[in-house]
Amino acid sequence: MSDTQSVPGVEQAIALGLTRDEYALVIEKLDGREPNEVELAMFSLLWSEHCAYKHSKKLLRTLPTEGDAVFMGPGENAGAVRVGLDPDSDLICAFKVESHNHPSAVEPFQGAATGVGGILRDIFAIGARPVAILDALRFGEPTSERSRYLLDRAVAGIGHYGNSIGVPTIGGEVYFEAPYETNCLVNAMALGLANAGDMIRSAATGVGNPLILFGASTGRDGIGGASVLASAELGDADEDKRPTVQVGDPFEEKKLLECSLELLEKGLLVALQDLGAAGLTSSASEMASKGETGMDIDVAKVPLREPGMAPFEIMVSESQERMLCVCTPDRVEEVIAITDKWLVHGTVIGSVTDTRAMRIFDGDELVGEMPVEALVDDCPLYDLEPVKPSSPLYPAPVATLPGEVSLRDTLLALVGSPNIASRLPLFEQYDPVVQSRTVRRPNTCDAAVLQLPDGSGLGVSIDCNGRRVAADPYRGTIEAALECASNLACAGAKPLGTTNNLNFGNPEKPEIAWQLTEAVRGLGEACRALDAPIVGGNVSLYNQGTDGPIYPTPVVGMVGALPDASKAGVLGFAREGDLWGLAGWNALPSLEASELAKLRGEALPDGLPEFDVDHILATQDAIREAVRSGALSSAHDVAEGGFAVAIAECCLAGGIGAQFLGEPTGEETPREVLDAILFGERPGGFIVSGSEEALEALAERIPLDIFGEVGGDSLDVVVGDETFSVTLDELRTAHAALRPLFP
Amino acid sequence: MKARVLIRPKAGILDPQGVAVEQALPALGFTGVSEVRVGRMVELEIADESQLDQLCQKLLANTLIEDYEIVSVEGAVAP
Amino acid sequence: MKARVLIRPKAGILDPQGVAVEQALPALGFTGVSEVRVGRMVELEIADESQLDQLCQKLLANTLIEDYEIVSVEGAVAP
Amino acid sequence: MKFGVVRFPGTCDDFDARDAALRVDGAEAVLLWHGDHDLQGVDAVIVPGGFSYGDYLRVGAIARFAPVMTEVMEFAREGGTVLGICNGFQILCEAGLLPGALLPNTGRRFIFRQVDLDVDRADTRFTSAVPAGQTSLSIPIKHTTGRYYAPEDQLDALEANGQVLLRYAPGQNPNGSLRDIAGVTNEAGNVFGLMPHPEHAVDPLTGSVDGLTLFTSMAQAVSRV
Ligand SMILES: Nc1ncnc2c1ncn2[C@@H]1O[C@H](COP(=O)(O)OP(=O)(O)O)[C@@H](O)[C@H]1O
Ligand SMILES: [Mg+2]
């Protein structure tokens, strides 16, 4: 080690996010030597929450990760499942969800755009062509100017990146809740397809093999990003974090993507890895760790966008649109030629060694040397100290619906409420059809569906109702997973695998630790029950601003298969004269933690009502089979807003009305009961339509009540002793409530 | 009074357009062009000149990632 | 030599960005702002100054829809 | 019949256009690399959609200088059949092969939308296969910069010459295009550009089928020559 290197010391280490004990451990790992600038920068990033999963790794180990369809579980850049008709199929779907919450809170357009860029790189880093994007967004109420701004810019950023790179955005979700006001969530999920034989891992093997960096040049983007932007609570000092904003360049990434896939197709690579959080530091160390090798890197060889960058800056820069690969020495020329062809010029910046150490050079000078294992594996893991909160963590939502409102107006208010209103004004800013696989676009089916080359279909859904998770982290998370599976069932798809993004507050606080523990317990149980193992995911902690933690938001993304894409279900009523019914529920839904309760300003309950998971799985099986057989005209799962809102959604999507003939009791039914029937929420309910025979056949398997006929241009309701009617136009107007947010 | 505001990516912030344009030019027959930076220009009529700086900060430029410069203010009283 | 080229939508062509800026003004408390036009600025180093006008016409501006103006040419010999 | 689909850095709908063309009976389709001065003997050229060169500087402005465009321009001058879709339309306008220019949507945002297009003329080499009696095509649009513009006198001339082939149906103009123009040809009628994406309307499973008629028309025109 050159002794010209300065030693920043423990206070600097703490400023970079390490604890005193962690710093002492670093010194131990360096055989008693204090880390110099390069080493401290690298340790502080790799030992950050974001890279080391210090507070979540132990929990994540409890998740189910194995199953028949699983091709690659967590650990690589993305997990993957086998898809296609043939169970031993060579066709693989890689998928993963990732968050870019804090960067998006600082600069929503670039934060969201680079979030999409990052997750796409994870997909093609394992050799899969990205074929779809989904987004999961959370903002404060749209009455807040800041929330509207964040929404507008984040949606624009996602569209900008996805549209420009030619990957369709086929689904997603957005919720507006006050606890996200100062800490929005921007999660992006991507799916890719590959042939098993063309896939690649990131393990750097073959001592003497060169390490090639290609793509964008390196600037001072996001320096300190992983530890500062991604792991610290946002406070008033946001201004100071500004210079670290990273700007996304989808054009560069498009070239990088095509180049990477061509390199793999030609069989030129030993290993491939994207550069994400913590830049070269994380990518190179992970590659060496997985390959059980070491690595020498010369920062002087890294093409720079800005002059005068210090070695540590080069090592931690988070400049976007860069990849790292390893090839054998005889392939270097070919590899560089292909990178040149795609204008993403590759440069040899180092080589694989047998030292088991990361050695960083600046020209001839050694400026850092650390054991790979210490960097990647030896960060201390912390036990959570969960304690169930004794008093409510979240204030009751602000009431927006006055007490005395008719059933009819309540329905219209719900249909126009921010969490239920049409998402079209968002989705129409995304290209859902590029690549020509999209069989079900947003707003046509509960899950998005892609067609695979063998004619089978791939369904995908992403979901999480954070308010319900806040009410009951365990059951709320099970509900999120069940909701994904219900969406897939409506498309005719059976779950194959799951990804998740655990968005939570500060895990060092006992109540947040409790939310996290309960949510992961629920997630594991649900995925086991659904036989949809977790193949990957992401954890985003410390999501809290000055006004408290976000709702716990374990976003669940699920991928499923259907044998015939042409039989994919639709959500909208489709045929005049069909009958429609409500399937699945074996108990009355509850208003607690429902959308209506929110509009009425009711506080969150302590716990959600129980439900029978096995019964819901049986219902999903029956719905899925009915959809696949082509017997049903439509299928839609009942979610936010309950039964009545679900029917309205079927009418809106199909552009056709319906009659709703609840049993007229003749006597006065208490309003609470009517509210619960019409607007209560509970997992496992479905609105189905079709011929009488089709519904009767389905009723043999699961609870199903037929309520009326499809047809006309209004929704005509008779329930208890009440009757009312809403025209399709009235529903449309109410449903378009988000339109003004995108002037 | 007529004002013109020039907005460009801050020093150190990636300018994807500039990079792409500069990279593409030689192969397309344009030689001898380098250091390309692409920014925006806003021209406007403003009654109260003293509001211009505020306007730039709040609306015209994204000061997180962009610098702005007020280059010409015709009809202004000389300082 | 360093050149700066300003490009704006031709008069008479609708500029939705300019319109959007104007529409956003009142909410932010700005009054007396009008005729907002949003264009581009390209800064570059060009070896042969005599080619600059050509470069503008061929590449930097589309003269059917845009006007351009070379506003500063540092290091140029005075005309 | 052999279609050639040009591929620039940043092109996104290249495979889509190729696969759409392949649906035409007996058609072949190949990709043409932007850096090659070679059209591989194709009978018709498609300049597809996407974001060539990131749409940086100005849509289509950089791509028109790509080496392959020399050959495309030559091919067009000799009367070859050339179709520009979305970004391809923008590029052909920038290259001077088509009149007018595309400006940012009046709404400023990217829009994806299935729109109805009125067929102004069904007797051209791009629209001849539109079934008799069908006056409208359902095809999606997806763009940020699709507002067709030409000076008034030029618009008059385009209409007088029958160069406007497709217009957005009344009330459906998504981007502020003058005179609802969705697609125009050059004066000779052998080069056609449109903002909607016919390659995304070739299969009932993934959308409508109305876009296929454009590719079929081109094939028929080529085989008639
Ligand atoms: N919540 C989670 N559930 C399952 N796996 C997870 C979760 N969070 C992270 N992982 C896995 O941990 C590994 C490291 O994740 P990450 O640091 O996000 O990778 P990358 O740097 O490639 O984005 C990945 O394989 C990822 O799938
Ligand atoms: Mg990765």
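In this text, all values refer to a predicted model and were calculated from it rather than measured experimentally. Atom set for the values below is all heavy atoms of this structure, side chains included, hydrogens, waters and symmetry mates excluded. Just so it is clear: chains get the letters A, B, ... in the order the sequence lines come, proteins before strands, and each one is counted from 1.
- Contacts between A:Phe742 and chain D at a heavy-atom distance below 4.5 Å involve backbone atoms as well as side-chain atoms.
- Aromatic ring pairs are classed by plane angle as parallel below 30°, tilted from 30° to 60° and perpendicular above 60°; the pair D:Tyr56 and A:Phe251 is perpendicular.
- Residues A:Val434 and D:Asp13 come closest through the heavy atom pair CG2-OD1, 3.3 Å.
- In this structure, D:Lys142 does not pair ionically with A:Glu428, as no charged nitrogen and carboxylate oxygen lie closer than 4.0 Å.
- Between D:Pro9 and A:Leu343 there is a side-chain heavy-atom pair separated by less than 4.5 Å.
- With chain D as partner, the option from A:Glu253, A:Lys254, A:Gln429, A:Glu252 having the largest number of non-hydrogen pairs under 4.5 angstrom is A:Gln429.
- Residue A:Leu257 does not touch chain D at all, counting heavy-atom pairs closer than 4.5 Å.
- Both the backbone and the side chain of A:Ser164 come within less than 4.5 Å of a heavy atom of chain D.
- D:Leu205 CG to A:Ser566 OG: the interatomic distance, rounded to the nearest 0.5 Å, is 6.0 Å.
- Proximity to chain A is limited to the backbone of D:Thr11, based on heavy atoms less than 4.5 angstrom apart.
- Side-chain contact check for A:Arg441 versus D:Phe112: some heavy-atom pair is nearer than 4.5 Å.
- Atom CD1 of D:Ile111 and atom CG of A:Asp431 lie 12.5 Å apart (nearest 0.5 Å).
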**Message:** I'd like to know whether D:Asp203 forms a salt bridge (charged side-chain N to carboxylate O under 4.0 Å, His left out) with A:Arg437, so could you lay out the CA-CA distance, the side-chain angles of the two residues, the decisive distance to 0.1 Å, and finally the verdict.
**Reply:** CA-CA 10 Å; D:Asp203 184 343; A:Arg437 286 187 197 86; over 6 Å; no
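- Across A:Val439, A:Asn163, A:Leu424, the residue that shares the most heavy-atom pairs under 4.5 angstrom with chain D is A:Asn163.
- Around atom CG of A:Asp729, more than 12 heavy atoms belonging to other residues, nucleotides or ligands sit under 6.0 Å away.
- Taking CD of A:Gln435 as the start and NE2 of D:His200 as the end, the distance is 9.5 Å to the nearest 0.5 Å.
- Residues D:Trp33 and A:Lys341 meet the side-chain proximity criterion, which asks for heavy atoms closer than 4.5 Å.
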